[in-house]
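Keep in mind that the numbers below use all heavy atoms, side chains included, and drop hydrogens, waters and symmetry copies. Lettering follows sequence order; numbering is per chain, from 1. Bear in mind that the values here come from a model prediction, so they are computed numbers and not experimental data.
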Amino acid sequence: MVYDLEQKEVADEAWAVVKTSFPYIPGYLSFREGPAVLSAFRKICLIPDVVIFDGQGMAHPRGAGIASHIGVLLGIPSVGCAKTRLVGEYEEPGLLRGDRAELRYNGRVVGAVVRTRTGVKPLFISPGHLVTLEDSVRIVLEAAFRFRLPEPVRLAHKRATELRKRYESSRSSPKKYPSGGETI
DNA sequence: GCGACAG
DNA sequence: ATCTTGTCGC
């Protein structure tokens with residue numbers, strides 16, 4: 001999902017149906033979900049300035065979560081925005097939107113635990129490719145203006161669920177199914 | 001060996 | 001992540 005933060009609207013989108021070739025193993029998420037991200041990315045017409053990943057960036061056992069790894073392959077700035085922690089220690093941040101705490105791992109600050117909405121569970125933000133921690137937090141807070149998750153992440157998730165349902169029911173019948181290359 | 005563990 | 005009913009709060 002390519003989202004225009006100034007117009008507050010979807011600018012482009014694309015999807016891909018890819019068979020999983022790797023199991024989900026904490027610390028190896030990019031090997032499972034990366035291929036699908038890459039194939040869907042080849043179909044979009046508007047290349048974004050930054051990509052927000054549903055997962056970790058630098059806050060990873062080897063310092064390179066899906067945001068860092070795929071960000072490099074795409075050659076585009078990226079940010080890790082996970083709903084839960086993978087590694088690191090932190091103090092619970094304040095309850096207001098914008099309140100944050102450092103996420104430390106091996107004596108290093110690898111990310112931030114940020115409250116994007118007052119009273120909701122915080123997000124685990126960490127730098128991906130070509131982006132600083134401060135910019136990462138700024139980008140996520142700017143994109144999460146309505147709900148807990150950044151708008152593009154929320155909409156992408158919503159679209160994925162919808163497509164998966166439609167796909168699972170149409171795959172049995174002889175009908176065809178849009179490949180996701182349609183441009184808006 | 002035990003517990004932790006993005007999606 | 002997925003399954004899954006009702007329920008709590010804005």
If you count heavy atoms of other groups shown closer than 6.0 angstrom to [atom1] of [X], is the number above 12?
| X | atom1 | result |
| --- | --- | --- |
| A:Tyr28 | OH | no |
| A:Lys165 | NZ | no |
| A:Arg62 | CZ | yes |

Remember a base hit wins even if backbone is also touched, and classify [X] as base, sugar-phosphate or nothing at under 4.0 Å, heavy atoms.
| X | result |
| --- | --- |
| A:His69 | nothing |
| A:Tyr28 | base |
| A:Gly27 | base |

task: Answer yes or no: is there a side-chain heavy-atom contact under 4.5 Å between A:Met58 and A:Arg108?
output: no
field: ring pair (Phe, Tyr, Trp, His ring centres under 6.0 Å) evaluation trace for A:Tyr105 with A:His60
entry: CA-CA 9 Å; A:Tyr105 186 53; A:His60 178 276; 9.0 Å; no
- prompt: salt bridge (Lys or Arg N to Asp or Glu O under 4.0 Å) with A:Glu13: which of A:Lys158, A:Arg159, A:Lys43?
  reply: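 Result for salt bridge (Lys or Arg N to Asp or Glu O under 4.0 Å) with A:Glu13: A:Arg159.
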- prompt: Could you spell out the base pairing of DNA chain B in dot-bracket, with Watson-Crick or G-U pairs whose two distances are under 3.5 Å, [ ] crossing and | to another strand?
  reply: .......
Any sub-3.5 Å donor-acceptor pair from [X]'s side-chain atoms to [Y]'s backbone N or O?
| X | Y | answer |
| --- | --- | --- |
| A:Ser78 | A:Val51 | no |
| A:Thr118 | A:Leu96 | no |
| A:Ser136 | A:Val79 | no |
| A:Arg100 | A:Val113 | no |

Covered region of DNA chain B, 5' end to 3' end, by chain A [heavy atoms, under 4.0 Å]: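 Listed 5' to 3', the contact boundaries are B:dA4 to B:dG7.
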field: Phosphate contact (C:dT2 OP1 or OP2) by A:Arg164 side-chain N/O below 4.0 Å
entry: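 The answer is yes; a side-chain N or O of A:Arg164 sits under 4.0 Å from OP1 or OP2.
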field: Pi-cation contact, A:Phe124 with A:Lys83 (under 6.0 Å, within 45°)
entry: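 No - A:Lys83 does not lie over the ring of A:Phe124 by the 6.0 Å and 45° rule.
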message: Both atom distances under 3.5 Å, Watson-Crick or G-U wobble: I'd like the secondary structure of DNA chain C as a dot-bracket string, with | for pairs made across strands.
response: ..........
Between C:dT2 (C1') and A:Glu33 (CD): distance, integer Å: 13 Å
